[in-house]
Amino acid sequence: MNRAREASSEIRSVEDLSKLDSPVHGLSPLSKLLLTIVFIATVASFNKYDIVGLFAMILVPLLGYMISGIPVSTCFRKLKVVLPIVLLVGIVNPFLDREIMFSIGSFRVSYGIVSMVTLMLKGMYSLMASFLLVATMPIDDLCKSLRKIHMPKIIVSLLLLTYRYVSMFLDEVATMTESYSLRAPGQNGIAFRSWGSFLGQLIIRSMNKADRNYGSMILRGFNGEFYYCDRVFSKLSWLWIPILIAACVLMRIFNVPALLGSLFVR
Amino acid sequence: MIDIRGLTVEYDGGIKALDSIDLTVNEGDSLGLIGANGAGKSSLFRALTGLTAFTGSIKFNGLDVIKKNLPSIRQDIGYVIQESDDQMFMPKVIEDMIFGPVNYGTSKEDAVKKADEILKKLEISHLKDRYNHKISGGEKKMAAIATILMMKPKVILFDEPTSSLDPHNRRTVINAINGIDSTKIIASHDLDLIYDTCGKVALINRGRIVKVGDRDEILRDRELLESNGLELPLSMGGR
């Protein structure tokens, strides 16, 4: 399949995940947004050598994935392009910080290696949490939450339209690249000399399409404010939030793996 | 109902898409707007709905098509765009259908009820919860018509409603159009479609109205049609 079309269908499949029915999907969008922010902030606040404490934090997103019925592997599969970039963060640390922290047998682990792994884990956890948020919350719900916290309607509409437009844009790219490749057999991708006209055409086509879409919207009374989904969320869902935030904070303050370990090892 | 006087639409570079057009459409009319590609049919629709700038005057039910009147005029004019993809911008068919009425203050529950009725009437109830990107071209066209019917428009503009449809879907769309009571203007170069759906026809060429008359008078005039880049409808012995 054409890569652009594949990307477009990936986006739509994430939207399909967000329509599933699970206790996590049923939580109020605002509470999920808040929880994700708190989780990422907590993860980011760990000391760069506190690798053991950080291990416990994976429990939060893992629990979320388990309850939502979304396999963790889906997250890694969907984020296969971004994950390596995140994992590359801190790759130079082992070369800059060579002081030995501890040894495992004859293998000496430097502070640099530990900080590299810590950074990788922080990035991975943040991505896992963000993906869980997106995969359990339709874009309409997200926009509605943002409007509830008084985010200006122009910004929220822009977010929604951009999200919607990304799929259409990718479809347009797919159509153009397909028709290009049909008349350029044997070429791998688009020849450099054609980039200018290709991008120019893409911009013109996108603008025309956006114009027609917008025309169709204003003909049906659009005045800048979208109506968003009216799903009613249980107030009980707000109960989970202090519990989960408390869990994050406790895991930040207390080194849970070390505490658990001390129960068995004196 | 619609009174157009001296309508001119000029695009960048001085190209006149419409050149001093006069046209009257009465309530209950089903007017076919025929002409070759680039004749100015879509430009006329865009001007009627205030989507493109023009000179001259267009009156809709006595109201001038000017910026301050557009919200109320657009409530009464439905425009089925040629490319259904451009019209269906919400993820699901039902969401697209209730988009207009909710924007005009109808409650969501009432809009969904109305949508159910229209879907049933058009015999496409099975599309209600389908994603727009997952339905076929013919289904999308029917859904696009449904979104416009939701607005209960007094006039519906159809821009090439049967383009790229297979014979079965084409027939379904024609039946749907014939089942609509509103005033209709149908732009197409599919003259068989025009013959099946319209009582009155306006022939347009290079931005000018060449002739307005009864369906049979115009659609049977081989010489007139051929001199304006068209051919007799197949049903009348055209090639």
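Per chain, numbering begins at 1; letters A, B, ... match sequence-line order.
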Open item on the list: What residues of residues 125-132 of chain B make heavy-atom contacts with chain A at a cutoff under 4.5 angstrom?
Closed with: B:Y131
- [ ] Look at atom OH of A:Y165 and say whether more than 12 heavy atoms of other residues, nucleotides or ligands are closer to it than 6.0 Å.
- [x] yes
- [ ] Give, for atom CD of B:E95 and atom CG of A:D140, the distance between the pair rounded to the nearest 0.5 Å.
- [x] 6.0 Å
TODO: Taking atom CD of A:E178 as the centre, report whether more than 12 heavy atoms of other residues, nucleotides or ligands fall under 6.0 Å from it.
DONE: yes
Open item on the list: Taking NZ in A:K209 as the centre, count heavy atoms belonging to other residues, nucleotides or ligands within less than 6.0 Å. Is the count above 12?
Closed with: yes
Task: CD1 (A:I149) with more than 12 external heavy atoms under 6.0 Å - done: yes
Task: Neighbourhood of chain A inside residues 15-25 of chain B, taking heavy atoms under 4.5 Å as contact - done: none
Task: Side chain / backbone / both / neither for A:L161 at chain B, heavy atoms under 4.5 Å - done: neither
Task: Interface moiety of A:R212 toward chain B, non-hydrogen atoms closer than 4.5 Å - done: both
TODO: Answer with side chain, backbone, both or neither: which region of A:D211 has an atom nearer than 4.5 Å to a non-hydrogen atom of chain B?
DONE: side chain
Open item on the list: For the NZ atom on A:K19, are there more than 12 heavy atoms of other groups (residues, nucleotides or ligands in this structure) within a distance under 6.0 Å?
Closed with: yes
- [ ] Please look at B:Y104 and chain A and tell me whether the side chain, the backbone, both or neither of the residue comes under 4.5 angstrom of a heavy atom of that chain.
- [x] side chain
Task: Residues of residues 45-59 of chain B contacting chain A, heavy-atom criterion under 4.5 Å, by residue number - done: B:R46, B:T49, B:L51
Open item on the list: Would the distance check show the side chain of A:R220 and the main-chain N or O of B:M151 forming a donor-acceptor pair, the cut-off being under 3.5 Å?
Closed with: no
Task: Atom CZ of A:R205: over 12 foreign heavy atoms under 6.0 Å - done: yes
Open item on the list: Sort by residue number and list every residue of residues 67-91 of chain B having at least one heavy atom under 4.5 Å from chain A.
Closed with: B:R74, B:Y79, B:I81, B:D85, B:D86, B:Q87, B:F89, B:M90, B:P91
